[in-house]
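Notes follow the structure.
Just so we're clear, the structure is a prediction, and the values are computed from it rather than from any experiment.
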Amino acid sequence: MTPHRLTSDDVRRAEALVARVAGVTSCRIRLNGAGEVSEVHVVAAPGRPARAIAREVEDCLRTGMGLDVDHRKIGVVMLEAAPPEEEPAAPAAAPVEEFPIIEHPSRFAFSQVNVGSSRDGVRAEVELTRDGLVVFGSAESDNVAMGAPAVVAGATLRAVSEFLDEPTRLCLGGVLKVPLGSGEAIVVRVDVVGPRHSKSLAGCALLSGDEHRTVVFATLDAVNRLTGKLEFKSSVEYKIR
């Protein structure tokens with residue numbers, strides 16, 4: 001592998017490697033036109049200094065992938081610590097910021113999803129629409145054991161990212177199939193990472209019929225909660241990533 005020019009497979013391996021660093025919950029790596037690392041976006045749990053995490057990510061990429069990435073290209077966003085538990089008090093409604101799901105034309109809508117698997121891995125392509133615009137997103141993994149749901153969710157987020165203006169990033173936090181009543185549901189966590197803040201969202205969809213389509217619905221359920229709070233491009237180039 002060339003130390004500086006990366007392929008999409010190299011990027012996925014590097015992101016998976018960084019995600020194993022203590023305290024890191026998700027990682028997104030961006031390349032420049034020459035295929036070199038231009039930005040490393042890391043979301044980390046509280047408890048460790050951001051500077052220490054950035055240095056460890058730098059060392060991790062150097063020793064694990066042979067990549068020399070300047071620590072100044074590594075951005076670390078720290079999640080807020082959960083408040084300490086208190087003794088039960090009189091019932092009172094705590095202030096909660098809500099992101100209501102409102103049906104309107106600017107919501108992301110599902111068009112289709114295609115998934116292929118082989119001994120070499122899993123690949124998913126997702127087509128979405130928004131305000132009359134159509135866009136594709138694709139993702140793949142050479143880890144067959146990873147399963148298709150995470151790849152489908154990743155492809156959905158890549159499609160949504162085509163609509164977003166920089167520097168907002170959407171990172172997949174996880175996909176779960178959970179029992180719910182007499183059936184099952186798909187739950188997806190999405191980390192929305194900005195230059196000075198981050199927010200974690202969860203989306204859910206009841207599993208009925210096509211599991212891959214249900215994963216897309218659950219991912220969009222999370223993202224559509226922020227439809228009115230994100231900056232979108234006025235036009236989108238029609239392409240497959």
Side-chain angles (χ1 to χ4, degrees), residues 1-21 24-43 57 60-67 69 108 110-128 134-162 169-178 184-191 193 203 205 207 209-220 222-223 238-241:
M1 179 185 70
T2 304
H4 301 293
R5 184 175 182 84
L6 304 183
T7 65
S8 58
D9 287 338
D10 296 334
V11 171
R12 283 190 293 274
R13 285 195 291 269
E15 289 174 340
L17 186 64
V18 171
R20 295 169 59 186
V21 172
V24 172
T25 62
S26 64
C27 171
R28 186 75 176 272
I29 296 176
R30 289 288 187 181
L31 306 181
N32 58 24
E36 300 171 339
V37 176
S38 60
E39 297 175 338
V40 179
H41 297 274
V42 173
V43 178
V57 169
C60 176
L61 291 174
R62 180 183 298 112
T63 58
M65 298 283 296
L67 298 175
V69 179
F108 297 101
F110 167 79
S111 291
Q112 63 178 339
V113 57
N114 296 304
V115 178
S117 61
S118 67
R119 288 180 296 180
D120 298 326
V122 181
R123 177 178 175 83
E125 295 179 352
V126 173
E127 178 184 335
L128 303 178
V134 181
V135 74
F136 287 90
S138 66
E140 57 187 14
S141 172
D142 55 7
N143 182 4
V144 179
M146 178 180 178
V151 181
V152 172
T156 306
L157 292 181
R158 291 198 175 186
V160 172
S161 296
E162 292 291 346
R169 301 286 185 272
L170 300 178
C171 303
L172 179 61
V175 180
L176 288 176
K177 181 192 295 185
V178 297
E184 293 180 307
I186 299 293
V187 180
V188 177
R189 169 177 165 170
V190 177
D191 296 324
V193 182
L207 183 58
D210 190 332
E211 180 175 309
H212 300 150
R213 183 171 57 183
T214 304
V215 172
V216 177
F217 289 156
T219 307
L220 293 181
V223 174
Y238 188 84
K239 62 182 182 179
I240 299 177
R241 294 183 59 176

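Shown here are the side-chain contact (heavy atoms from CB on, under 4.5 Å) partners of Leu17, two or more places apart in sequence or in another chain: Arg20, Cys60, Met65. With sequence neighbours left out, the side-chain hydrogen bond (donor to acceptor under 3.5 Å, both in side chains) criterion links Thr7 to Asp10. In this structure Glu211 satisfies the salt bridge (Lys or Arg N to Asp or Glu O under 4.0 Å) test together with Lys177, sequence neighbours excluded. Every residue meeting the salt bridge (Lys or Arg N to Asp or Glu O under 4.0 Å) condition with Asp9, not counting sequence neighbours, appears here in chain and number order: Arg12. Listed by chain and residue number, Val178, Cys204 satisfy the side-chain contact (heavy atoms from CB on, under 4.5 Å) test with Val187 (two or more places apart in sequence, or in another chain). Remark: Arg189 pairs with Asp191, Ser200 by the side-chain hydrogen bond (donor to acceptor under 3.5 Å, both in side chains) rule, at least two apart or across chains. Residues passing the side-chain contact (heavy atoms from CB on, under 4.5 Å) test with Ala124 are Val115, Val151, Val152, Ala155, sequence neighbours excluded.
With Arg28 contributing its side chain and Leu170 its backbone, the two residues share a donor-acceptor pair below 3.5 Å. Checking side-chain atoms of Ser141 against main-chain N and O of Val122 turns up no donor-acceptor pair under 3.5 Å. No donor-acceptor pair under 3.5 Å is formed between the side chain of Ser26 and the backbone N or O of Gly173.
Across every non-hydrogen atom of Gly203 and Ala222, the tightest pair is N-CB, 3.5 Å. Between Gln112 and Phe136 the shortest heavy-atom distance is NE2-CE2, 4.3 Å. Nearest heavy-atom pair, Phe110 versus Val216, reported as atom, atom and distance to 0.1 Å: CD1-CG1, 3.5 Å.
A 4.5 Å side-chain heavy-atom check between Val215 and Thr156 finds every atom pair outside the cut-off. Side-chain atoms of Val126 and Thr219, non-hydrogen and from C-beta on, never get closer than 4.5 Å to each other. Contact check for Val11 versus Val37: no side-chain heavy atoms found under the 4.5 Å cut-off. Under the 4.5 Å side-chain criterion, counting only non-hydrogen atoms from C-beta, Leu220 is in contact with Leu128. Within the 4.5 Å cutoff, the side chain of Leu172 has heavy atoms near those of the Val188 side chain.
Taking CD1 of Ile29 as the start and CZ of Arg13 as the end, the distance is 11.5 Å to the nearest 0.5 Å. Atom CD of Glu15 is separated from atom SG of Cys27 by 5.0 Å, given to the nearest 0.5 angstrom.
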